[in-house]
Amino acid sequence: MPSNNPVRVRFAPSPTGHMHLGSARTALYDYLLARQIGGQFILRIEDTDKKRYIPGAEDELMAGLHWLGINYDEGPDIGGPYGPYRQSERKEIYQEYVRRLVESGHAYYCFCTPERLERLHQEQMKQKLPLQYDGTCRNIPLEESDRRRAAGEPHVVRFRTPKDGSTTVRDLLRGDITVENRSLDDAILVKSDGWALYHLAAMVDDHLMKITHVIRGSEWLPTFPLHALIIRAFGWEEPEWAHLSVFLKPSGKGKMSKREAGDLLKDGYSIFIKDLEDLGYLPEAVVNWISLMGWSYDDHTEFFTLPDLVEKFSLRKLNPSPAAINFTKLDYFNGMHIRSLSLDDLARRIKPFFRKEGVQTDDETLLKISPLLQERMVTLDDAPYFGRFFFQDTVQPDPEDLVAKGLTPQESAELARRSYEILSGLSDFDSETIEPPMRAMVEASGYSAGQVFGILRVAITGQKVSPPLFESMAIVGRQKVLERIQAAIRILENMNSV
RNA sequence: GCCCCCAUGGUCUAGUGGUUAGGACACAGCCCUUUCAAGGCUAUAACAGGAGUUCGAGUCUCCUUGGGGGCACCA
């Protein structure tokens, strides 16, 4: 619910792997909420765990956001009034706040060794008991624990979870959730190396950074009550919470494994943002697609640009149930967004895909073929598939394809010769000039348009599937068209009838 | 084992007590058509199961089942 305060939301990923669709959606919703109410969107890096840190992950995150068009107002690279925006640079802040919790009795120092904890865990497993800390250090007087700490005894800090009663928290998607406090663990807030854990660091940062709405994954639902308890222990005001459902694999059965995610690539799909550009997807399409996984607008609108989404997004319409990833719908949206691109924009975007295929292009031709390619492309890398012949000096048609269905090579060659005659005698070489006499020739020949134009298509484009023939011919140009027909005639003449 | 969340066609979803259960993707067919598309039209297809509340339940309650998540000195 909008409050009187300006909306401030944060995207707080940890740099421990590739940015995927789930995090992109969370960031998108954050961004939309901030933009529509005129608030701020903050990027905060949660990198307190050095063991899991992956170099480059932070850059990939920022590149991914940038590619998607999701811009943030405050972050590690651009700064802001509430920095630093990397948790690894905020250690002292957490220490200060943890001490407050200890002194107010909401947290305590725990000297239990990992070995003892492991034995406890095993015992609880054996007895089929809930896996929780047993409270051994819960009642050590503060003076004593301070003394032991000063003496250098290894320790962590744990939250003193109430043992009686229950805790109710409110999620924007699910309403009130109540849990018995006895099912909550005395979670560790600070590790023995002095670094704060997520539970503490994120709550402190959200408060200090004046975050009003926390949008995060539903994997945080089980620890949600703990987080609320920590905030309440500080006496702070709680933000609004929205826990987004997870993404399931396309079958809808379970989350995608690392292995499955990797296998996707050979089908031209990926759940990693970094791969999507290379696969020929438009950021506009990706944004549109993920926006609709767990959110809806109304009955008849599904095509959205980022500005549309800013205008229409609403937390109220978020859906709590898990959604299966549907890549064919991404393909659909990609086609739609490709068709909504201006011609010069399209020309610019397909250029690298020709280059990747080793096809030399020129901007003028690129612009001319764009309208021809536009309505038949699903992904940007379809462009060289349909249009490489525009840029080649010669094409290499498959002789079999040159022979029209139901005709002999000789008959096909004859049709090609008649086409050559007409084409070479034309005053102009645009599609409007080419089409009428060619149709008349087909009419007179007694063959079908499909047969005759099929021969020419293969002869001129080197492929059975291509953009419209006459427009293509006009762009290829008379000289090359005639050369290619000539070459095709030679091939046909050298074939034996079957 | 314990805790939490979820449940409408194959998939994404609309629906907040009374609807012929709506839309989108995919699929099939038709139209258009020189190929492939795009576009238009049509069809197939869903309230997980069981109790209860109510005159009336997809919608509220409970149970079952199924799915998902969590139970780290990760986030």
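The shown structure was predicted, so the numbers you read here are calculated from the model rather than taken from an experiment. Here is how names work: the chains are called A, B, and so on, in the same order as the sequence lines, proteins then strands, and each is numbered from 1.
With 3.5 Å as the limit, one finds a donor-acceptor pair spanning the side chains of D331(A) and Y269(A). Defined by atom type and a distance below 3.5 Å, a donor-acceptor pair is missing between the side-chain atoms of N334(A) and T379(A).
If you measure from atom CD1 of I460(A) to atom C1' of U35(B), you get 13 Å, rounded to the nearest angstrom. With rounding to whole Å, Y332(A) atom OH is found 17 Å from A37(B) atom P. If you measure from atom CD1 of I325(A) to atom C1' of A26(B), you get 17 Å, rounded to the nearest angstrom. The distance from atom CD1 of I45(A) to atom P of C74(B) is 19 Å, rounded to the nearest whole Å. Distance, E219(A) CD to G67(B) P: 21 Å, rounded to whole Å. If you measure from atom NZ of K253(A) to atom C1' of G69(B), you get 17 Å, rounded to the nearest angstrom. Per the geometry, CD belonging to Q127(A) stands 17 Å off C1' belonging to C71(B), to the nearest Å. Counting to the nearest Å, the P atom of C6(B) and the CG atom of L318(A) are 13 Å from each other.
Across A46(B) and G10(B), the matching C1' atoms stand 11 Å from one another, rounded to whole Å. For G49(B) and G40(B), the P atoms lie 35 Å apart once the distance is rounded to whole Å. A21(B) and C27(B) have their P atoms separated by 28 Å, with the value rounded to a whole Å.
Contact annotation for D185(A): no contact, since no heavy-atom pair falls under 4.0 Å across all strands. At a threshold of 4.0 angstrom between heavy atoms, the contacts of L292(A) are confined to the sugar-phosphate backbone, with no base atom among them. Here S466(A) lies in heavy-atom contact (under 4.0 Å) with a base. Residue contacts for P468(A): at a heavy-atom cut-off of 4.0 Å it reaches a base atom on one of the strands shown. Nucleic acid contact class of K317(A) (heavy atoms, under 4.0 Å, all strands): sugar-phosphate only. Within the 4.0 angstrom heavy-atom criterion, only backbone atoms of the sugar-phosphate kind lie near R339(A); the bases stay farther away. Within the 4.0 angstrom heavy-atom criterion, no nucleotide atom of any strand lies near P13(A). Within the nucleic acid shown, W220(A) comes within 4.0 Å of at least one base atom, counting heavy atoms only. Contacts of D49(A) with the nucleic acid, taken as non-hydrogen atoms under 4.0 Å apart, involve only primed sugar atoms and P, OP1 or OP2. Residue contacts shown for H121(A) are limited to sugar-phosphate atoms, with no base heavy atom under 4.0 Å away. Looking at heavy-atom distances under 4.0 Å, V156(A) makes contact with a base. At the heavy-atom level, S192(A) lies under 4.0 Å from base atoms of the strands shown. Within 4.0 Å of G294(A), counting heavy atoms only, lie sugar-phosphate atoms of the nucleic acid but no base atom. L184(A) comes within contact range of no nucleotide atom at all, as no heavy-atom separation falls under 4.0 Å.
The partner of A7(B) is U65(B), judged by Watson-Crick or G-U wobble contacts that both fall below 3.5 Å. Pairing of G39(B), defined by two Watson-Crick or G-U wobble distances under 3.5 Å, is identified with C31(B). Checking U20(B) for Watson-Crick or G-U wobble geometry (two distances, each under 3.5 Å) identifies no partner in any strand. In this structure, C71(B) and G1(B) make a Watson-Crick or G-U wobble pair, each of the two defining distances being under 3.5 angstrom.
Annotation: F224(A) is in aromatic contact with H243(A) [ring centroid separation under 6.0 Å]. In this structure, F327(A) has its ring center closer than 6.0 angstrom to the ring center of W289(A).
Distances shorter than 4.0 Å separate none of the side-chain N or O atoms of S245(A) from OP1 or OP2 on G69(B). A sub-4.0 Å separation between OP1 or OP2 of G10(B) and a side-chain N or O of N326(A) is absent. Contact between the side-chain N/O atoms of K329(A) and the OP1/OP2 oxygens of U13(B) is not found at any separation under 4.0 Å.
Judged by the 6.0 Å and 45° rule, R148(A) forms a cation-pi pair with F111(A). A cation-pi arrangement is present between R158(A) and Y133(A) under the rule of less than 6.0 angstrom and at most 45 degrees off the ring axis. For R44(A) and F11(A), the positive end is not near the middle of the six-membered ring at less than 6.0 Å and at most 45° from its axis.
Under 3.5 Å, the side chain of R439(A) and the base of U33(B) form no donor-acceptor pair of N or O atoms. For R174(A) against C5(B), a side-chain-to-base donor-acceptor contact under 3.5 Å is absent.
Q132(A) places no side-chain N or O within donor-acceptor distance of the main-chain N or O of D186(A), the cut-off being under 3.5 Å.
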